[in-house]
Structure formats: structure tokens, C-alpha cells
Protein chains: 2
Amino acid sequence: MADHVDLVLAQWSERRPDLDASPMAVMGRLKRLATLVDGELRRNFAAHDLDSASFDVLATLRRSNAEHSLTPAGLMRSSMVTSGAITQRLDRLEARGLVTRKPSETDGRGVQVTLTKAGLDLIDAVLPAHVATEDRLLAGLSTEERTQLADSLRTLLESLGDKTD
Amino acid sequence: MADHVDLVLAQWSERRPDLDASPMAVMGRLKRLATLVDGELRRNFAAHDLDSASFDVLATLRRSNAEHSLTPAGLMRSSMVTSGAITQRLDRLEARGLVTRKPSETDGRGVQVTLTKAGLDLIDAVLPAHVATEDRLLAGLSTEERTQLADSLRTLLESLGDKTD
DNA sequence: GTGATCTACCTCACCGCTAAGAGATCCACT
DNA sequence: AGTGGATCTCTTAGCGGTGAGGTAGATCAC
């Protein structure tokens, strides 16, 4: 069996036999898979009038604590986007009435972002379909294979210094 | 050991114990890793006045055949972006003198995109550093682990219908 | 040959993110 | 108490991508 990346590797060995392109076997598939998965998930989000960015924020708030509340800085650390992106995501969510922003009581610079009832209801409604979609996308792997794959990816993430915070 | 995704999974089991969030063990890491890797590679590209999009096109042309030549449609199939994105990428590369566009001789609708000497020189200069960066990012995995990881990812890609073309 | 359909490439309005930096506040240290 | 550096949030210009759609040429059925 051969996938797109196998073809790419064969082409490189044909055109640049001096080049050891083997890292692409992992990296190429990683990128390709992430793009494919993103597209599939987007379809599910769209069915609920959401996009990945909004889902990301709502889900992070939902799981963070019993108050469903975080600061923009906390959201930024969790999401791997810049502070400017978080501001804009919150603008959109606030305009839709899914989150509220209120000044921190303890830190004059800080803001507390909290899920509204509508935001909580929405994310709770979307979550089951979301994990079901992810599960469907993983249908090609057995439980053991999934565990093994998750372990390899974690090893890699840790070696790259991915933080727990 | 625990990475960011382990924390996320622990949070979900705390806040929504009814939800089986296990697919996120793979999907969350996939996304996180792809984002991290993209950022690292971008730094390398920037050192050569490139970005991922331009590199993608130049590399695809470089490996495709001895003439370093493809149609926009071929580039689109290889790259997973829309036709509009390919047009704009080619506009930028053509303006920099890295590729040429000429009408197809056999198909009045078609265009043939070819690497110029400058484009060929540039991509050949960037490639070694690129694979070296990818290799460095994989340093946390042994050769066997890399092979096993690549195999799992291929299985997944094939199960999702990723094409060889 | 004609009309319907498909394919290739491009155009453009819109959108979300980045990068750079501004302004305010907090904090450690002296 | 004062100062300098770190942190928090927001602003904005610019960029690359999507999605919808347009035009021209190719292809197919009849």
C-alpha cells in the first residue's frame, strides 16, 4: 500500500538521490493528516454555526473549572495562537452572547472570561458530535494502535518541550 | 510524564465524566504537533526569504519531473489548498522570477508552470536545511519509533481515503 | 454539428491570524 | 517609596487562505 507521502518520497529519491528525505515520512504525514482532520471537523462545527476557533475557546472554558472561566492569557497558553487572535475570538463570542468579559477584581490588567448559559448549552450540545466525529476518523486504527500512536506523539511533543500548563 | 493533552483529558474527565474524550489523545496531539512543527519550519524558511506556501510549490515542482514542471491543477492536488490559493502563490513566485507560466500547447485552458534557474537554485539550497530541521525535530524518537509512527500515520491516512495522485 | 456538461484557471470579497507595538498594571529589588 | 522589567490586554496593518463564481476551452451524447 502507498499513500501520497510514499509517492513524494519516491519522487525525491528519483530527483535528489543524495538527499535523505526520510524525515518527511513522519512530517509529511503529520501535516497532511492535520489538514484532512481539520477539514472534517470544520464540517461538524459548521452544522452548529461554529468554527474551530470558537469551538476551541468554548471547549477550553468548559473544561477548565466549575465556573467555566479563564483569563485571555490562559486561553492563549492553551490554544497556541497569539494574544491578538484571542482578543478577536473573544470579540466574536461576546458579540454572540456566548461569553462575557469582566475586569478582574484582583489584577487591574486582567479580564475574566466566562461562558454564558447560551455558551454552555452550545458547547455541551456540540461536544458529543465532536468526539463522535473524531472517533469516526480514527476508525481505521484498533484500540491498541490508537494508544501506541498517542504515546509516540506524546513522546515527540515532550521532546519538543510542549508544556503542561 | 504528562503533556498538555494529558491535562486536557484529565480536565474533561473531571468536568464531563460522561463524555468519552479518548479520541482527543490522538487528535489533540496531532493538531498540537502540526502547529509546533509548522512554526519551527517557518523559521528555517524565513532565513531563506521563503514561507511554507512558496516552499511547498517550489519543492513540488522540484521533485515532480526532470523538467520541474506541472500544471496549477497538479499543484493543487498535491497541496490540499484551493485553486484560488494556487493562483496567488504562483503570482507571487512568478513576480519573484522563481517560476514561469506558459500556456499549454495541447490544452487551451491549461498552463504549464516551470521552475526557473533561480527557483531551482533556491529550492536546492533550502532543501538540505529543511530536512535537517525536520530530522532535528524528530530527535526524540529512535529510528524504529519513527518507522512505527510513520506506519500508523499512513494507515490512518489510507483509511481516510488519502489519494496517491 | 449542436447543446449540455465538465474542467482549468482566475477573480474578488471576506475572514482569521500574525507581528509589532502601545498602554496599563504588577512585582521584585533596592 | 521608586524604579525597571515583566505581564496582561488590546490595536492595527498586512497577509494568505477560502468560497463563490466567472470565463474559456474541452468533451461527450445524440
Side-chain angles (χ1 to χ4, degrees), chain A residues 31-32 34-36 38-43 45-46 49-58 69-96 99-114 163 165, chain B residues 31-32 34-36 38-43 45-47 49-58 61 69-96 98-114 165:
Chain A
K31 175 167 186 169
R32 210 163 167 87
T35 305
L36 271 175
D38 260 21
E40 291 292 327
L41 295 181
R42 198 174 51 240
R43 224 179 304 179
F45 294 144
D49 264 305
L50 271 181
D51 54 79
S52 311
S54 296
F55 175 86
D56 188 30
V57 171
L58 296 180
S69 183
L70 272 179
T71 63
L75 287 166
M76 185 177 86
R77 277 189 285 274
S78 170
S79 68
M80 305 180 87
V81 296
T82 60
S83 64
I86 293 294
T87 298
Q88 294 172 49
R89 287 178 176 192
L90 293 176
D91 288 346
R92 299 195 292 271
L93 290 169
E94 194 177 26
R96 289 183 61 184
V99 306
T100 58
R101 275 195 270 217
K102 83 172 173 49
S104 164
E105 293 169 2
T106 57
D107 186 333
R109 303 161 302 174
V111 169
Q112 204 63 24
V113 181
T114 308
K163 305 263 178 52
D165 66 29
Chain B
K31 174 166 186 171
R32 211 163 166 86
T35 305
L36 271 175
D38 259 21
E40 291 291 328
L41 295 181
R42 198 174 50 241
R43 224 178 304 181
F45 293 144
D49 264 306
L50 271 180
D51 53 81
S52 310
S54 296
F55 176 85
D56 188 30
V57 171
L58 296 179
L61 290 170
S69 183
L70 273 178
T71 63
L75 287 165
M76 186 179 85
R77 277 188 287 272
S78 170
S79 67
M80 307 180 86
V81 296
T82 59
S83 64
I86 293 293
T87 298
Q88 294 173 51
R89 288 178 176 192
L90 293 176
D91 288 347
R92 299 194 291 272
L93 291 169
E94 194 177 26
R96 290 182 60 185
L98 301 175
V99 306
T100 57
R101 275 195 269 218
K102 84 171 172 49
S104 163
E105 293 169 2
T106 58
D107 186 332
R109 302 162 302 176
V111 169
Q112 203 63 24
V113 180
T114 308
D165 66 30

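Note on naming: letters A, B, ... go to the chains in the order of the sequence lines (proteins, then strands), and numbering restarts at 1 for each one. Computed over heavy atoms, backbone and side chain alike; hydrogens, waters and symmetry mates excluded.
Taking atom CG of residue Asp91(B) and atom P of nucleotide dC9(C), one finds them 13 Å apart after rounding to whole Å. Distance CZ (Phe45(A)) to C1' (dG16(C)): 16 Å, rounded to an integer number of Å. As a whole-Å value, the separation of Asp38(B) CG from dC17(C) P is 15 Å. Look at CE on Met76(A): it is 16 Å from P on dT11(D), rounded to the nearest Å. Rounded to an integer number of Å, the gap from Leu90(A) CG to dC8(D) P is 15 Å.
Under 3.5 Å, the side chains of Gln112(B) and Ser69(B) contain a donor-acceptor pair of N or O atoms.
Between Val113(A) and Thr100(A) the shortest side-chain heavy-atom distance does not fall below 4.5 Å. Using a 4.5 Å heavy-atom cutoff, the side chains of Val57(B) and Ser54(B) are not in contact. A 4.5 Å side-chain heavy-atom check between Leu58(B) and Val99(B) finds at least one atom pair inside the cut-off. In this structure the side chain of Met76(B) never reaches within 4.5 angstrom of the side chain of Thr71(B), judged on heavy atoms.
Between the CG atom of Leu75(B) and the CG atom of Leu61(B) there is a distance of 5.0 Å, given to the nearest 0.5 Å. Lys31(A) contributes atom NZ, which lies 11.0 Å from atom OG1 of Thr35(B) (distance to the nearest 0.5 angstrom).
For the helix from dG1(C)-dC30(D) to dT30(C)-dA1(D), the rotation axes defined at the first and last 5 base pairs enclose an angle of 30°, given to the nearest 10°.
Judged by distance alone, with hydrogens and angles left aside, Arg109(A) brings no side-chain donor or acceptor close enough to the base of dT9(D) to form a pair under 3.5 Å.
Every residue meeting the side chain to side chain contact (heavy atoms under 4.5 Å, CB included) condition with Arg96(B), not counting sequence neighbours, appears here in chain and number order: Asp49(B), Leu50(B), Leu98(B), Leu122(B).
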Between the protein and nucleotides 15-18 of chain D, are there any N/O to N/O pairs under 3.5 Å, and if so, what are the atom names and distances?
residue : atom : partner  : partner atom : Å
dG17(D) : OP1  : Arg89(B) : NE           : 3.1
dG17(D) : OP1  : Arg89(B) : NH2          : 2.9
dG17(D) : OP2  : Arg92(B) : NH2          : 3.2
dT18(D) : OP2  : Thr82(B) : N            : 3.0
dT18(D) : OP2  : Thr82(B) : OG1          : 2.8
dT18(D) : O4   : Gln88(B) : NE2          : 3.4

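Across all strands, Thr71(B) comes closer than 4.0 Å only to sugar-phosphate atoms, never to a base (heavy-atom distances).
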Going through the checks in order, is the salt bridge (Lys or Arg N to Asp or Glu O under 4.0 Å) test met by Arg101(A) and Asp91(A)?
-> CA-CA 9 Å; Arg101(A) 275 195 270 217; Asp91(A) 288 346; 2.2 Å; yes

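Comparing dC9(C), dG25(D), dT9(D) by their closest approach to the side chain of Asp107(B) singles out dG25(D).
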